[in-house]
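Position 1 is the first residue of the sequence, and the numbers go up from there.
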Amino acid sequence: NNSNITNHSPRFVQYTPKIVTLKENTATGTTIHKFEATDVDDGFSGTLVWSLNLHHQKNDDYEMKTNDEDENNDIESDEDYEMIKTNKDRKYSHEENIFVPFRLNSSAGELSLIDKVDYETMKKHVLNITVCDRDLRHSLCVHHMLEIHVQDVNDNSPTFSSERFVFNVSESQKIGSEIGLIVATDDDATKEHSIIEFYLDAEHSDLFSIDLYKGILRLEHALDREVMDRYELTVVVEDSDSKTLRNSCGVTVFVNGQF
């Protein structure tokens, strides 16, 4: 039956994208792209099957087939259409605990997100989208390289380097001098999402101040140990781009270094 003879490989449609962008807070289950291809063969041999070959940007030995190259693959069963990761000399099954946050529907060609992506962990995923005709004896396949660029979003709250900070100050210490440094960081990778601001609780704001961006705690008024030998402060650190992302910690200041 000539209708089942495979003479032509599939071809991706002309407008198939090479790069797509994906925000790191994209919901799982979201369809990223629906791929399309054509095959001029008739019957069963013209039926297309899609698979996903994972290749991250850290691998430098990747070899890629272009859309114009035919590849003869001896595929013996549907299991051979399983998702694989390809590198120059070997093929790795996804069963080797390789994290793959994407899934490609084998019949519809829909690429979807099945787990969260994180800009701080991996900024770019490189996928080899493969489409084969359904001939199980002499299947013809073509490949298309797709880069998924993950976009950073402001999703990390600032954190302090310590649960509590303790400092000592002398009664004779000069007004405006530095008492200590409050250290906090924001794990968001991009600069605009990692700027943090420090605030001091209002209770002792007449005695102490904190630098808005540097976290330097300073003395603003002379202290008398006979009146108060220790002060308990609360410092709040906020993401300057999103005031809802914040944390707080306690600060103890001992006067004259007496514990």
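Interatomic distance, L22 CG to Q151 CD, rounded to the nearest 0.5 Å: 8.0 Å. Distance check, rounded to the nearest 0.5 Å: CD1 of I114 to OG1 of T30 gives 12.5 Å. To the nearest 0.5 angstrom, L233 atom CG is 10.0 Å from S205 atom OG. Note that the CG atom of L223 and the CD1 atom of I179 stand 7.0 Å from one another [nearest 0.5 Å]. Taken from NZ in K34 to OG in S112, the straight-line distance is 12.5 Å, to the nearest 0.5 Å. Between atom CG of residue L111 and atom CG of residue L127 there is a gap of 6.0 Å, rounded to the nearest 0.5 Å.
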Intermediate values then yes/no, side-chain contact (heavy atoms from CB on, under 4.5 Å), D206 and H221: CA-CA 7 Å; D206 57 329; H221 193 280; 6.0 Å; no
side-chain contact (heavy atoms from CB on, under 4.5 Å) assessment of V253 paired with L217: CA-CA 10 Å; V253 179; L217 186 67; 4.1 Å; yes
Stepwise side-chain contact (heavy atoms from CB on, under 4.5 Å) test for F35 and V131: CA-CA 9 Å; F35 290 92; V131 59; over 6 Å; no
side-chain contact (heavy atoms from CB on, under 4.5 Å) evaluation trace for T252 with R164: CA-CA 8 Å; T252 300; R164 174 169 290 274; 2.9 Å; yes
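Residues L113 and P101 meet the side-chain proximity criterion, which asks for heavy atoms closer than 4.5 Å. Between D211 and F198, the closest side-chain pair of non-hydrogen atoms is not below 4.5 Å. Using a 4.5 Å heavy-atom cutoff, the side chains of R11 and V142 are not in contact. At least one side-chain heavy atom of L52 sits under 4.5 Å from a side-chain heavy atom of I129.
Without hydrogens or angle criteria, Q173 side chain to E178 main chain gives a donor-acceptor distance under 3.5 Å. When atom types are taken as modelled, the side chain of E24 and the backbone of V153 share a donor-acceptor pair closer than 3.5 angstrom. In this structure a side-chain-to-backbone donor-acceptor pair under 3.5 Å is present from N247 to P158. A side-chain donor-acceptor contact under 3.5 Å links E171 to the backbone of R225. Judged by distance alone, the side chain of T31 and the main-chain N or O of H33 form no donor-acceptor pair under 3.5 Å. Listed for the N105 side chain is no donor-acceptor partner under 3.5 Å among the backbone atoms of E110.
No path of Ile, Leu, Val, Met, Phe, Trp and Tyr side chains, each step under 4.5 Å between heavy atoms, connects Y119 with L245, placing them in separate hydrophobic clusters. Under the 4.5 Å side-chain heavy-atom criterion for ILVMFWY residues, no single connected hydrophobic cluster contains both Y199 and I216. Residues V235 and L207 share a hydrophobic cluster, clusters being chains of Ile/Leu/Val/Met/Phe/Trp/Tyr side chains in contact below 4.5 Å. Put simply, L181 and V251 are part of two different groups of oily side chains (I, L, V, M, F, W, Y) that touch within less than 4.5 Å, one to the next. A continuous path of ILVMFWY side-chain contacts below 4.5 Å connects L200 to M228, so both sit in one hydrophobic cluster.
Around the CD atom of Q14, the shell of radius 6.0 Å holds no more than 12 heavy atoms that belong to other residues, nucleotides or ligands. Sparse packing is recorded around NZ of K214, with 12 or fewer heavy atoms of other residues, nucleotides or ligands lying under 6.0 Å away.
Of all non-hydrogen atoms in S162 and C249, the two that sit nearest each other are O-CB, 4.4 Å. Considering every non-hydrogen atom in both L219 and K174, the closest pair reads CD2-O, 3.8 Å. Smallest separation of non-hydrogen atoms from A184 and V237: CB-CG2, 4.0 Å. F160 and V236 make their closest contact through CZ-C, 4.4 Å (heavy atoms, listed as atom of the first residue, atom of the second, distance). Taking each heavy atom of S9 and D39 in turn, the nearest pair found is C-OD2, 4.0 Å. Between D155 and E120 the shortest heavy-atom distance is OD1-OE1, 4.3 Å.
A donor-acceptor pair shorter than 3.5 Å cannot be found between the side chains of H149 and T21. Looking at D187 and T185, their side chains never bring a donor and an acceptor atom within 3.5 Å of each other. Side-chain contact annotation: D188 with N156, donor-acceptor N/O pair under 3.5 Å present.
Classified by interplanar angle (parallel below 30°, tilted 30° to 60°, perpendicular above 60°), the ring pair F167/F165 is parallel.
Checking each of W50, F12, Y15 against H144 for a ring pair (Phe, Tyr, Trp, His ring centres under 6.0 Å) leaves exactly one that passes, namely F12.
Of the charged side-chain nitrogens involved, at least one lies within less than 4.0 Å of a carboxylate oxygen, so that E232 and R230 count as a salt-bridged pair.
Legend: residues meeting ring pair (Phe, Tyr, Trp, His ring centres under 6.0 Å) with Y231, ordered by chain and number and at least two apart, are H204, F208.
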